Number of protein chains: 2
Amino acid sequence: MKRIAIYHLETLLWIARLGTFRAAAERLNTTQPAISARVREIEEQLGIAIFRREGRNMVLTARGRRLVKECEPLWAGFEKALLTASGFEGATGTVRIGSGEIAAASCLPAYVQEVERDLPGVTLEIELDLTARMLQQLLGGMIDMAFLAGPVASPGIRTVGLGAVSLVWVAGQETVRAGGFAQNLPVWSIPSHSPLHGVTLETLAQGVITPRSISTCNNVRTLIEIISGGGGAAVLPEPMVRSLLASGTLAEVLPRPVRKIQFEAAIRGTESDPVVLELFRRAAGLRIDS
Amino acid sequence: MKRIAIYHLETLLWIARLGTFRAAAERLNTTQPAISARVREIEEQLGIAIFRREGRNMVLTARGRRLVKECEPLWAGFEKALLTASGFEGATGTVRIGSGEIAAASCLPAYVQEVERDLPGVTLEIELDLTARMLQQLLGGMIDMAFLAGPVASPGIRTVGLGAVSLVWVAGQETVRAGGFAQNLPVWSIPSHSPLHGVTLETLAQGVITPRSISTCNNVRTLIEIISGGGGAAVLPEPMVRSLLASGTLAEVLPRPVRKIQFEAAIRGTESDPVVLELFRRAAGLRIDS
DNA sequence: TTAATCGATAACAAAGTCTGATCAAATGAA
DNA sequence: TTCATTTGATCAGACTTTGTTATCGATTAA
């Protein structure tokens with residue numbers, strides 16, 4: 001009985017969350033046989049079956065479910081106690097962060113720097129993705145925190161605002177010299193998921209400009225390069241093009257839209273891991289205003 | 001960080017309770033170097049000092065004290081969750097039980113049998129001692145539960161009644177044939193700590209008998225042998241002499257005293273170990289009535 | 001000073017744990 | 001069906017952790 005360690009319980013929790021041994025193994029940075037062994041050890045120690053084979057998956061038995069339920073808050077409390085004792089400087093582990101592309105450019109550099117300074121033992125795994133998929137991954141436990149643009153209200157997700165940045169209508173230097181919107185530029189945007197796309201449409205709806213066409217690219221960096229090369233005009237977050245504006249590669253071609261783009265950090269509403277909660281707390285302290 | 005197991009916490013808790021590594025080692029059925037190693041591991045993992053050398057002892061630092069305080073309920077929670085999952089049949093460990101001699105004879109056999117049947121993994125270490133010393137050991141953590149005679153009300157101790165047994169005035173067969181109290185028998189009792197002694201004095205105070213002398217022996221079994229051999233009369237718990245009365249070795253020489261002897265089980269009021277609490281619960285279910 | 005107690009340390013033994021390479025069963029697609 | 005994929009089990013071996021015994025130096029009390 002005494003031979004059950006904390007990581008055995010942590011293993012149970014992650015299997016319960018992710019559904020398969022393999023996913024838990026990946027999540028815990030180990031191998032599937034190790035997970036199998038841990039589960040076997042717990043079952044042997046307790047003399048009960050915690051999982052039952054169901055097709056090619058393992059599912060929790062009633063007792064297993066109860067055990068997991070009881071252990072979850074205890075595990076969180078334990079982690080918190082240890083981290084509190086070491087003042088969080090001793091925090092270790094891997095936290096997976098999803099981020100939208102725009103949020104990544106605007107929020108991540110400062111954030112990562114802060115975390116690496118204050119919590120040197122924590123490894124971050126950052127993956128850029130679309131907002132919808134990120135929320136799904138967040139709920140499914142594949143990522144622990146997400147940075148994203150635009151207000152998100154999803155059940156089971158807890159968010160905090162990080163600030164807002166201005167948007168600017170820009171076009172390439174050459175294009176502007178050639179007359180800008182006087183000559184029916186093509187407008188570029190990113191696919192309809194993004195709040196940027198909404199702003200693009202709003203401006204167009206005002207009838208100020210008549211685009212030659214509306215093209216999209218799902219990668220903002222590439223889009224910026226297209227614009228820089230004279231491909232047309234686009235609404236972009238000011239921080240992402242600030243240096244290009246300063247160097248003259250890009251120039252503003254319309255008044256700045258009133259709407260700004262909001263950034264948020266998101267975690268599961270049920271998140272209990274103190275490291276993730278601490279990272280979320282720190283994210284909430286970011287102020288990404290332009 | 002993840003390399004800290006439940007027994008590390010248990011180790012901290014017992015060091016905090018008992019004051020020294022050695023005592024904790026003994027209590028946890030291991031050696032002092034093992035305890036030192038566990039402490040070192042925790043301190044290394046957390047990167048903080050939990051103990052500070054003070055003379056030849058180690059005392060908790062402020063952080064250490066806080067950690068212990070936070071971990072105590074967590075540890076109890078883990079133990080309880082695990083034991084609940086295995087239905088307590090999987091309980092393991094050692095529980096130290098102190099018992100008064102009379103309580104031992106009256107309560108322990110049935111109790112031990114029940115525990116060995118239902119919680120086969122639990123080892124009992126039973127030590128017979130005086131009530132006062134037992135309470136001290138209980139509070140000091142050297143024992144976990146005590147069975148004792150007579151009502152006890154001590155701060156920090158939680159008790160439950162187990163029932164009462166009758167007392168009988170007995171003397172040896174030969175003595176009774178020779179006339180019993182008609183001939184001024186010596187009276188034997190146990191030292192003044194015991195409730196038996198009180199009953200002895202009460203009877204004498206009623207003036208019914210006039211003893212030739214009042215001697216004492218701090219061991220009831222020996223006292224019974226003395227009485228059996230014709231050494232005099234004594235007040236004894238009925239169950240302890242039942243078979244000797246039946247066989248005729250002893251005989252009752254006075255009406256039974258009205259006062260009975262109460263038995264109680266006692267644990268620390270702050271006890272959190274689920275195994276001990278379970279054993280206490282079972283003790284409370286005993287009914288030792290004659 | 002002597003004896004006893006406290007915890008640290010080293011050397012060795014024992015037990016536990018992880019990994020990488022399979023294996024068998026179940027599932028889903030062609 | 002057949003084939004490819006996914007899931008977990010198993011095993012051998014290397015490696016790590018953990019415990020024990022015996023000893024040490026430091027501190028305290030007699």
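Per chain, numbering begins at 1; letters A, B, ... match sequence-line order. Atoms considered below: every heavy atom in the structure, side chains included; atoms not considered: hydrogens, waters and symmetry mates. The shown structure was predicted, so the numbers you read here are calculated from the model rather than taken from an experiment.
- Closest contact between the side chain of A:R3 and the listed nucleotides D:dT7, D:dT18, D:dA9 involves D:dT18.
- Proximity of B:T30 to the phosphate of D:dG19: no side-chain N or O atom is located under 4.0 Å from OP1 or OP2.
- If you walk DNA chain C from 5' to 3' and mark each nucleotide with an atom closer than 4.0 Å to a heavy atom of chain A, the marks span C:dT17 to C:dT27.
- Judged by distance alone, the side chain of A:E271 and the main-chain N or O of A:D273 form a donor-acceptor pair under 3.5 Å.
- Nucleotide D:dG19 holds its C1' atom 16 Å from the CZ atom of B:F21, rounded to whole Å.
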Scoring nucleotides 22-29 of chain D by protein non-hydrogen atoms under 4.0 Å (B base, S sugar-phosphate only, - none) yields B----BB-

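- No donor-acceptor pair under 3.5 Å is formed between the side chain of B:S272 and the backbone N or O of B:A76.
- Rounded to whole angstrom, the span from the CD1 atom of A:I35 across to the C1' atom of D:dT7 amounts to 14 Å.
- At a threshold of 4.0 angstrom between heavy atoms, the contacts of B:A34 include nucleobase atoms, whether or not backbone atoms are also involved.
- Not a single ring pair (Phe, Tyr, Trp, His ring centres under 6.0 Å) links B:F78 to another residue, sequence neighbours left out.
- Side-chain atoms of A:Q45 never come within 3.5 Å of backbone atoms of A:I4 as a donor-acceptor pair (strictly under, hydrogens ignored).
- One atom, CD of B:E44, and another, C1' of D:dT18, lie 14 Å apart when rounded to the nearest Å.
- The distance from atom CD of B:E43 to atom CG of B:L12, rounded to the nearest 0.5 Å, is 8.5 Å.
- Residues from residues 11-20 of chain A lying near DNA chain D, meaning a heavy-atom separation below 4.0 Å, are A:T20 in numerical order.
- Within the 3.5 Å criterion, the main-chain N or O of A:I190 finds no donor-acceptor partner in the side chain of A:S194.
- In terms of modelled atom types and a separation under 3.5 Å, the side chain of B:S99 and the main chain of B:L128 share no donor-acceptor contact.
- For the helix from C:dT1-D:dA30 to C:dA30-D:dT1, the angle separating the two terminal helix axes comes to 30°, with each axis derived from five pairs and the value rounded to 10°.
- Annotation: of the two residues near DNA chain D, A:A37 and A:N57, the 5′-most nearest-nucleotide partner is A:N57.
- Of the candidates B:R96, B:R27, B:R17, B:R27 is the only one forming a salt bridge (Lys or Arg N to Asp or Glu O under 4.0 Å) with B:D144.
- We find the CG-CD distance between B:D118 and B:E278 to be 8.5 Å, quoted to the nearest 0.5 Å.
- A salt bridge links A:E114 with A:R282: at least one charged nitrogen is closer than 4.0 Å to a carboxylate oxygen.
- Side chains of A:R38 and A:T11: a donor-acceptor N/O pair is present below 3.5 angstrom, by distance only.
- Partners of B:F88 according to the ring pair (Phe, Tyr, Trp, His ring centres under 6.0 Å) rule, which considers only residues two or more places apart in sequence or in another chain, do not exist here.
- With hydrogens and angles ignored, the 3.5 Å screen pairs a side-chain donor or acceptor of B:E101 with a backbone N or O of B:R221.
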